[in-house]
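First comes the structure, then the notes that go with it.
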Amino acid sequence: MQRHLITSAIPYINGIKHLGNLVGSQLPADLYARYQRARGNEVLFLCATDEHGTPAELAAAKAGKPVAEYCAEMHKIQAEIAKGFRLSFDHFGRSSSPQNHALTQHFAGRLADADLIREVTEKQVYSNADGRFLPDRYIEGTCPNCGYDKARGDQCENCTKQLDPTDLIEPRSAVSGSTDLEVRETKHLYLRQSALKDDLNAWIDSKTDWPLLTTSIAKKWLHDGDGLQDRGITRDLDWGIPVRRGDADWPGMEGKVFYVWFDAPIEYIACAGEWSDAHGGADWERWWRTDKGADDVRYTQFMGKDNVPFHTLSFPATILGSGEPWKMVDHLKSFNYLNYDGGQFSTSQGRGVFMDQALEILPADYWRWWLLSNCPETSDSEFTWELFQQGVNKDLADVLGNFVSRVTKFCRSKFGEIVPKGGVYGDREETLIAELDARLTRYAQMMDSMEVRKSAQELRAIWVAGNEYLQAAAPWATIKEDPETAAMQIRLGLNLISFYATLSAPFIPDAAQKMNTALQIEKAQWPSNASDALDSLPAGQSFAVPENLFAKISDEDRKDWQDRFAGGRA
RNA sequence: GGCGCGGUAGCUCAGCUGGUUAGAGCGCUCGACUCAUAAUCGAGAGGUCGGGAGUUCAAGUCUCCCCCACGCCA
């Protein structure tokens with residue numbers, strides 16, 4: 001039995017994510033986790049919310065709530081929606097957890113001990129009215145270049161000129177609008193990533209099976225310009241993990257917190273601790289410490305391409321620098337972007353379909369199937385309502401749903417709701433079994449290697465094979481001359497439904513459950529071969545004709561949704 | 001401006017280290033069937049692989065130049 005540690009990039013706390021976010025990490029991660037469990041492997045699948053940083057503070061302020069309260073509420077909402085999409089996390093944690101506080105401080109202490117942290121004094125704008133330092137982009141003012149009055153401290157959006165906050169004319173706080181600003185000196189910690197450049201390079205070179213997208217991004221950051229830069233890992237904020245050196249105070253760093261990008265990936269580890277605490281103290285270190293049983297774990301991360309640098313460089317630098325035997329990622333599966341109707345999905349502009357809205361319209365399986373079978377694997381891909389409608393109607397309703405319908409209903413009318421006895425497999429059945437064996441093997445290969453689209457393609461072909469068989473065998477004609485053979489044919493059809501349920505479950509868990517329930521299958525076993533799988537339903541066992549598994553999306557619905565989601569989010 | 005990823009049938013996309021008539025699904029046309037969610041099955045039409053030059057016995061697949069779209073960065 002293999003052991004799989006699987007993590008999805010952790011979604012930021014300040015709102016509900018859109019379908020592009022979903023298909024870029026959580027959904028494919030769930031597909032893989034469900035598949036590995038179905039194969040009988042031991043899986044720990046973790047995800048969490050990423051809760052620290054200025055955007056969370058501002059979102060909380062906008063909602064008129066203390067940031068801790070806001071984050072707790074949003075975490076609950078995101079967890080609820082994840083459940084709605086059937087994301088099967090073993091634990092959905094929080095980067096603000098006590099476990100992550102302790103672990104982040106621990107890592108910082110280890111890095112300091114290894115002389116991989118240096119202190120840097122820099123100048124930063126302080127807002128007296130807000131009582132806080134302001135990140136550059138939260139300072140607004142008039143652009144000295146073009147006169148635009150909403151230029152930000154890092155850049156003018158109007159003329160795109162790169163700015164320093166002190167360049168702005170009449171600078172003001174974007175948080176409160178106050179002009180009572182001053183420049184103060186402040187001290188920050190930098191992680192000396194540059195010192196780890198060779199180690200990181202060697203580590204990445206050892207990953208020959210990573211997607212081109214992943215390694216090319218990592219290499220670029222590693223070698224571009226002056227090479228890998230040291231990175232500030234602290235901020236002057238209230239909301240975050242207080243800077244401490246392990247268990248000890250860090251003189252001169254009082255009142256500061258770690259930068260969100262330092263503590264967020266550490267939450268992957270801390271989350272296992274949260275999982276353990278939530279499950280009666282299960283041993284989590286056997287998943288994360290190679291000196292405590294994790295040496296046989298295969299660790300796979302899923303994320304969008306924008307997260308790749310942090311996962312290939314910053315986080316590994318933290319782990320390597322600690323000098324401790326933490327499990328490092330084995331395979332890193334990254335995704336491109338899903339576009340919405342010719343443009344980008346955008347959280348800030350409310351463009352596209354958001355996870356809560358999607359579930360209001362249709363059940364999870366519809367989205368899971370379409371998003372996974374069209375996921376942006378090798379290049380950006382496109383969501384349009386026409387493509388979505390076509391894909392769902394054809395694959396789910398016409399090919400799979402209708403297959404289940406025609407087999408069960410034909411059986412009910414000719415033999416009753418019982419798996420019919422009699423007849424033996426002939427050439428046509430053997431041919432089908434041979435085809436399904438080949439496809440089953442290929443499907444497993446594709447799923448093992450996380451080739452999501454190709455897996456979906458293969459699964460679809462497996463569904464189609466059932467319709468081809470039925471069309472050729474024509475039990476509705478056979479039964480007139482040879483009822484025994486017709487019984488065998490329809491029994492095979494029923495077995496195919498069970499076969500489909502098992503293979504399809506990682507993609508469409510709810511529909512798979514309905515199929516199994518209809519056939520009175522309690523616990524599905526992953527088929528070792530098609531021959532046995534298609535001979536597994538005991539003749540004489542009763543079943544129930546299920547409701548249609550999938551309704552078609554009508555043109556009216558499609559147009560309706562097209563209009564409804566054309567503008568920004570209400 | 002620099003860098004990155006792409007530009008393959010009407011649409012969405014496959015095509016590893018160059019090798020017979022360039023593939024899939026959808027859509028479209030025609031035919032078959034009638035058990036089923038007017039579903040299914042079969043057949044067919046559709047591409048000078050963004051443009052140009054080069055390397056090679058042989059290039060969608062390598063090299064160079066150009067054009068276009070998108071993304072990131074300064």
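Just so it is clear: chains get the letters A, B, ... in the order the sequence lines come, proteins before strands, and each one is counted from 1.
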*Counting side-chain heavy atoms from CB outward, which of B:C11, B:U40, B:U34 is closest to A:Trp476?*
B:U34
*Searching all strands shown, indicate the nucleotide that pairs with B:U20 (Watson-Crick or G-U wobble; both distances under 3.5 Å).*
none
*Kindly check if the number of other-residue, nucleotide or ligand heavy atoms within 6.0 Å of CG (A:Asp427) is above 12?*
no
*Just compare B:C41, B:G27, B:A39 and give me whichever is closest to any side-chain atom of A:Asn402.*
B:A39
*Please give, in whole Å, the distance from B:U40 C1' to A:Asn467 CG?*
6 Å
*asked:* Any donor-acceptor pair under 3.5 Å linking the side-chain atoms of A:Ser504 with those of A:Trp463?
replied: yes
_Distance in angstrom units between A:Arg460 CZ and B:U40 P, rounded_ = 9 Å
*A:Phe403 near the nucleic acid: base, sugar-phosphate alone, or nothing, with a heavy-atom cut-off under 4.0 Å?*
nothing
*Rounded off to whole Å, could you give me the CG-to-C1' distance for the A:Asn307 and B:C72 pair?*
14 Å
_Give me the distance, rounded to whole Å, that separates B:G51 from B:U8 when you measure between the P atoms they each carry._
10 Å
*Mind checking the P distance from B:G6 to B:A43? Whole angstroms is fine.*
34 Å
*Using atom C1' of each nucleotide, how far apart are B:A38 and B:G46 to the nearest Å?*
27 Å
*Within the structure, does a side-chain N or O atom of A:Lys552 lie under 4.0 Å from either OP1 or OP2 of B:A39?*
yes
*Give none if B:G4 has no partner; otherwise give the nucleotide forming a Watson-Crick or G-U wobble pair with it, both distances under 3.5 Å.*
B:C70
*Check whether any side-chain nitrogen or oxygen of A:Lys394 sits under 4.0 Å from OP1 or OP2 of B:U40, and answer yes or no.*
yes
*Within this structure, what is the CG-to-C1' distance between A:Leu371 and B:U12, rounded to whole angstrom?*
14 Å
*Indicate, with a heavy-atom threshold strictly under 4.0 Å, whether A:Ser373 touches base, sugar-phosphate, or nothing.*
nothing
*To the nearest Å, how far apart are A:Leu396 CG and B:A39 C1'?*
14 Å
*Looking only at atom P, what distance separates B:C28 and B:A69, rounded to whole Å?*
32 Å
*A:Trp370 CH2 to B:C26 C1': how many Å, rounded?*
12 Å
*Identify whether any heavy atom of A:Glu386 sits under 4.0 Å from a base atom; if not, whether one sits that close to sugar-phosphate; answer base, sugar-phosphate or nothing.*
nothing
_Between A:Asp555 and A:Gln389, a side-chain donor and acceptor under 3.5 Å_ = yes
*What nucleic acid atoms does A:Lys414 come within less than 4.0 Å of, heavy atoms only: base, sugar-phosphate, or nothing?*
nothing
*Which nucleotide in the list B:U12, B:G25, B:G42 gets nearest to the side chain of A:Arg453?*
B:U12
*Is a donor-acceptor pair below 3.5 Å formed from side chain A:Asp398 to base B:A39, judging by atom type as modelled?*
no
*Pick the C1' atom in B:A9 and in B:G50, then give their distance to the nearest Å.*
15 Å
*A:Tyr469-A:Glu429 side chain donor-acceptor pair, cut-off 3.5 Å*: yes
*Looking at B:C35, B:U40, B:C13, which one has an atom nearest to any side-chain atom of A:Phe410?*
B:C35
*asked:* Test: salt bridge (charged side-chain N to carboxylate O under 4.0 Å, His left out). Region: residues 495-519 of chain A. Which pairs qualify, not counting sequence neighbours?
replied: A:Arg86-A:Asp510
*Tell me what A:Asn548 touches on the nucleic acid: a base, only sugar-phosphate, or nothing, going by heavy atoms under 4.0 Å.*
base
*Assess whether one donor atom and one acceptor atom, taken from the side chain of A:Gln471 and the base of B:U40, lie less than 3.5 Å apart.*
yes
*Atom CD of A:Glu547 with >12 non-hydrogen neighbours under 6.0 angstrom*: no
*Could you say whether A:Ser381 or A:Tyr337 is positioned toward the 5' end of RNA chain B, judged by the nucleotide with the nearest heavy atom to each?*
A:Ser381
_Watson-Crick/G-U partner (both atom distances under 3.5 Å) of B:U37_ = none
*Among B:U12, B:U37, B:A39, the nucleotide that comes nearest once only the side chain of A:Leu549 is considered*: B:U37
*What does A:Val464 touch in the nucleic acid at a heavy-atom separation under 4.0 angstrom: a base, only the sugar-phosphate, or nothing?*
sugar-phosphate
*Go through B:G15, B:C26, B:A24 for me and flag the one nearest to the A:Gln457 side chain.*
B:A24
*Hey, which of these two, A:Ala472 or A:Leu387, hits RNA chain B nearer its 5' end, going by closest nucleotide?*
A:Leu387
*Mind checking the C1' distance from B:C49 to B:G60? Whole angstroms is fine.*
5 Å
*Taking atom P of B:C11 as reference, at what distance in whole Å does atom CG of A:Asp395 sit?*
20 Å
*Which residue pairs pass the salt bridge (charged side-chain N to carboxylate O under 4.0 Å, His left out) test with at least one member in residues 461-470 of chain A, sequence neighbours excluded?*
none
_When the C1' atoms of B:C62 and B:G2 are compared, how many Å lie between them, rounded to an integer?_
25 Å
_Watson-Crick/G-U partner (both atom distances under 3.5 Å) of B:A43_ = B:U29
*Which label fits B:G31, syn or anti, where anti is any glycosidic angle not within 90° of 0?*
anti
*With rounding to whole Å, what would you report as the distance between B:G27 and B:U63 at their C1' atoms?*
39 Å
*Relative to A:Phe550, does A:Lys552 satisfy both conditions: NZ or CZ under 6.0 angstrom from the six-membered ring centre, and within 45 degrees of the ring's axis?*
no
*Roughly how many Å is it from CG in A:Leu400 to P in B:C26, rounded to a whole number?*
15 Å
*Is there a Watson-Crick or G-U wobble partner for B:U48 with both distances under 3.5 Å, and which nucleotide is it?*
none
